[in-house]
> 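Have a look at this one.
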2 protein chains.
Amino acid sequence: MKRAPTQKGRKKPASVDELRDICRQAGIKLTPQRLEIFKAISSAQDHPSAEILYERLKKRMPTISLDTIYRTLNTFEKLGLIKRVQLLNDQARFDADMESHHHFICTRCKKIIDFKWPDFDSTKLPENIKAFGKVYGQQAELRGICRQCLKKEESE
Amino acid sequence: MKRAPTQKGRKKPASVDELRDICRQAGIKLTPQRLEIFKAISSAQDHPSAEILYERLKKRMPTISLDTIYRTLNTFEKLGLIKRVQLLNDQARFDADMESHHHFICTRCKKIIDFKWPDFDSTKLPENIKAFGKVYGQQAELRGICRQCLKKEESE
DNA sequence: TTGGTTGCAAATATTTTGCAACCGG
DNA sequence: CCGGTTGCAAAATATTTGCAACCAA
């Protein structure tokens, strides 16, 4: 399977036709399971977990299994069709520096680099945020590939 | 144990003396384990996981157990002494909307609300980021309590 | 002294993987 | 037809919890 070059290309959720093309180009099959999972996630208003998608899909496709959902979500992620909301889903990581700072996360080795960004700190939140509830923290997250991993990629 | 009112108060990592005060005020004991875990995390340059802290602490305190580390990290988080780098460590959540948008996350119910923030999108990254590696995505994350949870808190 | 805390072990939860049957292209 | 994919079960990983012994205040 060919990975999407970066996460930049795509915008709004892909259409089913685009999905078909993307699968063909990647050399993978568009199975009924993949199609249903894709439709479920691209029409979802929330940000469903594998388990939630499983519950929803069982109604339409009673034989689908949870591990197919996991596998398919990983596949779609590699193809650049979906993103996981937070990257560090293996182990929780902690920070004792409570001062305002931001994170660069390497998607390859999961390294986290802190940085300061005063221009961000002083950017005003949109007005409509107030309607969501009470905000008590804001921070920026960059995703990328760190120097070391870039070097490794060259030599592969 | 009394929770910290919000995450706003604290700045740089607390000192051991501050830790002692905070424990006293919260009515919890400052055990040797808590002290060592605190020192380990507040002096760490990376953003260690429970497992990593366990490996480091075993050298100084061979009898310490992994579950004490988990419990203590949760305690410290409630006291506002540390933050977890990413909140959603239970289940991975996915998003098919690849267009630039940002997330408000309710720390109580884990709901995610999307929003647009053009002022953020047009804020230039600090110069020194280039040295970290290649960036291919940036987004803001707000932490707070959503409307529904605020209402629930009132009635508790 | 004593109630909160620890360490152990077991339970729970989440995600991944080996494998034989299956099916989309 | 054939190689990639599925569903099942089992494994691997991460985190939480019940409980008796322990110890900081």
Side-chain angles (χ1 to χ4, degrees), chain A residues 1-3 16-17 19-38 40 47-55 57-58 60-79 82 84-94 110, chain B residues 1-3 16-17 19-38 40 47-55 57-58 60-79 82 84-94 110:
Chain A
M1 184 175 61
K2 213 182 340 179
R3 260 170 203 262
V16 170
D17 283 342
L19 173 66
R20 189 161 277 119
D21 280 351
I22 288 167
C23 286
R24 192 174 302 133
Q25 281 175 37
I28 67 169
K29 292 174 183 171
L30 181 51
T31 63
Q33 289 89 339
R34 285 185 176 150
L35 186 57
E36 287 304 322
I37 293 169
F38 178 77
H47 297 73
S49 63
E51 194 83 38
I52 298 278
L53 286 168
Y54 181 51
E55 290 309 317
L57 284 164
K58 268 199 293 198
R60 303 185 141 280
M61 192 174 252
T63 63
I64 202 167
S65 71
L66 182 56
D67 40 83
T68 295
I69 307 216
Y70 274 109
R71 271 188 286 231
T72 302
L73 290 172
N74 284 332
T75 301
F76 286 169
E77 189 189 16
K78 282 192 199 124
L79 294 177
I82 61 174
R84 54 183 78 216
V85 174
Q86 298 199 331
L87 289 174
L88 308 171
N89 262 95
D90 35 356
Q91 294 181 306
R93 316 238 329 238
F94 296 87
K110 306 289 169 70
Chain B
M1 181 176 64
K2 212 182 344 177
R3 259 170 202 264
V16 169
D17 284 342
L19 173 66
R20 189 163 275 118
D21 280 352
I22 287 167
C23 286
R24 192 176 301 133
Q25 281 176 36
I28 67 169
K29 293 175 185 172
L30 181 50
T31 62
Q33 289 88 340
R34 284 183 178 150
L35 184 57
E36 286 304 321
I37 293 168
F38 177 77
H47 298 72
S49 64
E51 194 83 38
I52 298 279
L53 286 169
Y54 182 50
E55 290 307 319
L57 284 164
K58 267 199 294 197
R60 302 185 142 279
M61 190 174 252
T63 63
I64 201 166
S65 71
L66 182 55
D67 40 84
T68 296
I69 308 219
Y70 274 109
R71 271 189 285 233
T72 302
L73 289 171
N74 284 332
T75 302
F76 286 170
E77 189 188 16
K78 282 191 198 125
L79 294 176
I82 61 172
R84 54 183 77 217
V85 174
Q86 297 200 331
L87 288 173
L88 310 170
N89 262 95
D90 34 356
Q91 293 183 307
R93 313 226 349 226
F94 296 86
K110 307 288 170 70

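Here is the naming used below: chain letters follow the sequence lines, and residue numbers restart at 1 for every chain.
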> Expressed as a whole number of angstroms, how long is the span from B/D67:CG to D/dT17:P?
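Computing the B/D67:CG to D/dT17:P distance gives 12 Å.
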> As a test of reading the structure: which of C/dG7, C/dT15, D/dA24 is closest to the side chain of B/T68, going by heavy atoms?
C/dG7
> Which is true for A/A50 with a 4.0 Å heavy-atom rule: it touches a base, it touches only sugar-phosphate, or it touches nothing?
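No contact.
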> Phosphate oxygens OP1/OP2 of D/dT15: is one of them under 4.0 Å from a side-chain N or O of B/Y70?
yes
> For a quick check, tell me whether the side chain of B/R71 and the base of C/dG7 share a donor-acceptor pair closer than 3.5 Å.
yes
> Nearest-Å distance, CZ (A/R24) to P (D/dG3)?
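My rounded result for the distance is 21 Å.
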> Does NZ or CZ of B/K78 fall inside the cone over B/F76's six-membered ring, less than 6.0 Å from its centre and within 45° of the axis?
no
> What I want to check is whether the side chains of A/S65 and A/T68 have a donor and an acceptor closer together than 3.5 Å.
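Yes, a side-chain donor-acceptor pair sits under 3.5 Å.
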> Within the structure provided, determine whether B/P32 and B/M61 are in side-chain contact (heavy-atom separation under 4.5 Å).
yes
> Need to verify one output field. Residue with the more 5' nearest nucleotide on DNA chain C, B/D90 or B/T31?
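Final value for this comparison: B/T31.
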> By nearest heavy atom, map B/E51 and B/K29 onto DNA chain D; which one lands nearer the 5' end?
B/E51
> Give A/S49 one of three labels, base, sugar-phosphate or nothing, depending on what nucleic acid heavy atoms sit under 4.0 Å from its own.
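Contact class for A/S49: none.
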> Judged by atom type as modelled, is there a donor-acceptor pair below 3.5 Å linking the side chain of B/Q91 to the main-chain atoms of A/S49?
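Checked: no pair found.
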> Can you tell me if B/Q33 touches the phosphate of C/dG7, counting only side-chain N or O atoms and a distance under 4.0 Å to OP1 or OP2?
yes
> Take the protein atom CD of A/Q91 and the nucleotide atom P of C/dT15, then report the distance between them rounded to whole Å.
14 Å
> Nearest whole Å is fine: how far is C/dG4 C1' from B/L35 CG?
17 Å
> Evaluate the criterion side chain to side chain contact (heavy atoms under 4.5 Å, CB included) for residue pair B/R84 and B/E77; output intermediate values, then yes/no.
CA-CA 7 Å; B/R84 54 183 77 217; B/E77 189 188 16; 3.2 Å; yes
> Considering just the side-chain nitrogens and oxygens of B/N74, establish if one lies under 4.0 Å of OP1 or OP2 belonging to D/dT16.
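So the side chain of B/N74 is within the cut-off, an N or O lying under 4.0 Å from OP1 or OP2 of D/dT16.
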> Need to verify one output field. Residue with the more 5' nearest nucleotide on DNA chain D, B/L66 or A/S65?
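Its nearest nucleotide being more 5', the pick is A/S65.
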